[in-house]
2 protein chains.
Amino acid sequence: MKRDMNCPPFQKTEEKIKEAAKKVFLEKGFDGATSRDIAEAAGINIALTNYYFRSKEKLFMNIFEDMIHLFFEGSVHILNKPISLRDKIVELIEHDFELMKKNPNLVIFIMNEVHRNPERLVKAIGYVKQLHHTLFKIQVQEAIDKGEIRPVNSLNLMTMIVASVQFLFISKPMHMQIWQMSEAEFARFSDDQKQLIIDMVTSYLFEPVKA
Amino acid sequence: MKRDMNCPPFQKTEEKIKEAAKKVFLEKGFDGATSRDIAEAAGINIALTNYYFRSKEKLFMNIFEDMIHLFFEGSVHILNKPISLRDKIVELIEHDFELMKKNPNLVIFIMNEVHRNPERLVKAIGYVKQLHHTLFKIQVQEAIDKGEIRPVNSLNLMTMIVASVQFLFISKPMHMQIWQMSEAEFARFSDDQKQLIIDMVTSYLFEPVKA
DNA sequence: TATTAATTTAAATAACTGTTTAAAAAAACC
DNA sequence: GGTTTTTTTAAACAGTTATTTAAATTAATA
């Protein structure tokens, strides 16, 4: 007879595997991670990963989709919030920063896996189509028309913003190695960087220029 | 008796292997690339990679060091050129852009391998210590003291610049997928992005602000 | 409690990994 | 031309890979 899917044992192991797999995949990537790595990190038998997820590839895609979701959902939400353009830009930067602080190797993981296998993104993407038409895009165009900000393509602007934030965390290991930074020093450097980004972007856009 | 190391056959195979290995490693990374991949790409027997480079790890490090060198040498040179700060910033951005155009997956390769194994950077780094004291750093400080530019930490400024350029190419596969760009469209988008970076950075630094 | 289903285990699978071997081929040297 | 050295090859190596099997254990059900 069928088993109640809500009882602890089932959920617990499957969740344990997912958590372990997320950790290992984010650290080592798909190619660098082995089924045994994941099983060991989860403290379970190797066969269980395939019992619950059928294959390494399926387990990976499960987590990859979660990560893509985590990567985009917050930003998409903010891009469509009914707030001023200035506030929106600041909120975008600060949200992205917090996301990166909590998940330091989320970006390098996603970028590397998409680089290795772009087709995977197609399977996981779906709702990201919402990026094509956002309130942000409209607001930028309106602000330009009213002469409130300098003329700028909204996609270029958006790329500039996320580049500044996300590259910092992609290059974190390199920065720490080259400049001999501790975690605390990098955190301080990050905060300075965040402030510079906000300052530079808002100044560039909104500050009136001397004739 | 010893063989003349300058005659064609020796150089040719070793160079063939290096070229193939560079291609494969840059595409798939250390974990994703196999000895057989490289041998096949070079059109040679598998045993030859170990005959010439002793191990996959040694072959990788050989190429990794080249790539680190390629990654830094141009920028370090420009950072120390005796030209104006404004010209230097523009030249830095344009040089990095050209480098990325010619080697689209150089940055994601380096960032990912350093992320996977930071100790490797120590072995390959050496001369990058030159980054610590550059003419650029002095110039920024002088310009601040003279009130010619806004006060800004030179490392933060430098990071901002390379982030904008390099992130674009790290995220190239993602951009092309999400926005359904062709290579040509991405190239155009890149150029717009480059112009925005130059415009934003120089405006922010040099433009006098209305009281 | 007996039975049925779900979960976990150890062991084995076949394919693939980096690396080595020993013999063959090519080149260099006298 | 004959000998020695260097280069290339096919084959095998031992270890690891993802995945499967079939048996053992646990939990659920009636």
Side-chain angles (χ1 to χ4, degrees), chain A residues 1-64 113 116-117 119-120, chain B residues 1-64 112-113 116-117 119-120 123:
Chain A
M1 306 208 166
K2 291 269 164 183
R3 206 179 168 290
D4 182 2
M5 291 301 181
N6 290 328
C7 68
F10 181 86
Q11 277 238 356
K12 226 172 134 195
T13 344
E14 188 169 351
E15 212 50 47
K16 261 202 294 182
I17 295 172
K18 269 199 79 171
E19 268 175 49
K22 182 188 159 186
K23 188 174 172 294
V24 175
F25 278 138
L26 279 172
E27 264 174 22
K28 308 192 172 187
F30 181 82
D31 292 325
T34 70
S35 302
R36 281 164 183 83
D37 283 339
I38 295 166
E40 194 181 2
I44 49 114
N45 188 283
I46 326 159
L48 282 181
T49 61
N50 276 6
Y51 176 74
Y52 283 101
F53 295 92
R54 296 183 51 202
S55 72
K56 183 190 174 187
E57 174 73 26
K58 291 227 168 63
L59 173 56
F60 175 82
M61 280 307 293
N62 191 314
I63 281 145
F64 183 68
E113 296 302 338
R116 284 282 289 130
N117 205 336
E119 311 88 65
R120 274 176 181 155
Chain B
M1 305 213 168
K2 290 269 163 180
R3 205 177 169 291
D4 183 1
M5 290 305 183
N6 290 328
C7 68
F10 181 87
Q11 277 238 359
K12 226 171 134 195
T13 344
E14 188 169 349
E15 212 50 47
K16 261 202 296 182
I17 295 171
K18 269 199 80 171
E19 267 175 50
K22 181 188 160 185
K23 187 174 173 292
V24 175
F25 277 137
L26 280 171
E27 264 173 23
K28 308 191 171 187
F30 181 81
D31 292 326
T34 70
S35 301
R36 280 165 183 82
D37 283 339
I38 296 167
E40 195 182 1
I44 49 114
N45 188 282
I46 325 160
L48 282 181
T49 61
N50 277 7
Y51 176 74
Y52 283 102
F53 296 92
R54 298 182 51 202
S55 73
K56 182 190 176 188
E57 174 72 26
K58 291 225 168 63
L59 173 56
F60 175 82
M61 279 308 293
N62 191 314
I63 281 144
F64 183 66
N112 195 53
E113 297 302 339
R116 283 282 289 131
N117 205 335
E119 312 89 64
R120 274 176 181 157
K123 295 183 191 173

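Everything numeric in this text was worked out from a predicted model, so none of it was measured. Throughout, a chain's letter reflects where its sequence line sits, starting with A, and its residues are numbered from 1.
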Peer 1: Kindly indicate whether the side chain of B/K16, heavy atoms from C-beta on, has any atom under 4.5 Å from the side chain of B/I44.
Peer 2: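 In short, these two side chains touch, coming nearer than 4.5 Å.
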Peer 1: Could you tell me how the ring of A/F30 sits relative to the ring of A/F60: parallel (under 30°), tilted (30 to 60°) or perpendicular (over 60°)?
Peer 2: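 Taking A/F60 first and then A/F30, their aromatic rings stand perpendicular (interplane angle over 60°).
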Peer 1: Would you mind telling me which of C/dT19, C/dA10, D/dA18 lies closest to the side-chain atoms of B/I46?
Peer 2: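 Selected nucleotide: C/dT19.
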Peer 1: Within the supplied structure, the quantity of interest is the number of heavy atoms (other residues, nucleotides, ligands) at a distance under 6.0 Å from B/E57 CD; does it exceed 12?
Peer 2: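 Yes, enclosed.
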Peer 1: Contact class for B/S55 (heavy atom, under 4.0 Å): base, sugar-phosphate, or nothing?
Peer 2: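 Sugar-phosphate, no base atom in range.
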Peer 1: Relative to the 5' end of DNA chain C, which residue comes earlier, A/R36 or A/G43, by the nucleotide with the nearest heavy atom?
Peer 2: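 Here A/G43 is the residue nearer the 5' end.
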Peer 1: Using heavy atoms to find the nearest nucleotide of DNA chain C for B/N50 and A/I44 separately, return the residue whose nucleotide is more 5′.
Peer 2: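 First, find each residue's nearest nucleotide; the 5'-ward one identifies A/I44.
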Peer 1: Measure from the side-chain heavy atoms of B/T34 and tell me the nearest of C/dT20, C/dG18, C/dT9.
Peer 2: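 The answer is C/dG18.
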Peer 1: Between C/dT19, D/dT9, C/dT8, which one does the side chain of B/N45 approach most closely?
Peer 2: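 Of the options given, the side chain of B/N45 lies nearest D/dT9.
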Peer 1: May I ask you to say whether B/D31 pairs ionically with B/R116, meaning some side-chain N is under 4.0 Å from a carboxylate O?
Peer 2: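 Result for this pair is yes, salt bridge flagged.
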Peer 1: Counting side-chain heavy atoms from C-beta on, which of D/dT9, C/dT8, D/dT20 comes nearest to A/Y52?
Peer 2: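 Out of D/dT9, C/dT8, D/dT20, the nucleotide with an atom closest to A/Y52's side chain is C/dT8.
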Peer 1: Look at all strands and tell whether B/A39 reaches a base, only sugar-phosphate, or nothing, counting heavy atoms closer than 4.0 Å.
Peer 2: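 No contact at all - B/A39 keeps every heavy atom at 4.0 Å or more from the nucleic acid.
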Peer 1: Measuring from the side chain of B/K56 (C-beta onward, heavy atoms only), which nucleotide among C/dT19, C/dT9, D/dT8 has the closest atom?
Peer 2: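 Closest of the options to the side chain of B/K56: C/dT19.
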Peer 1: Name the closest nucleotide to the A/Y51 side chain, picking from C/dT20, C/dT8, D/dT20.
Peer 2: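 Shortest atom-to-atom distance from the side chain points to C/dT8.
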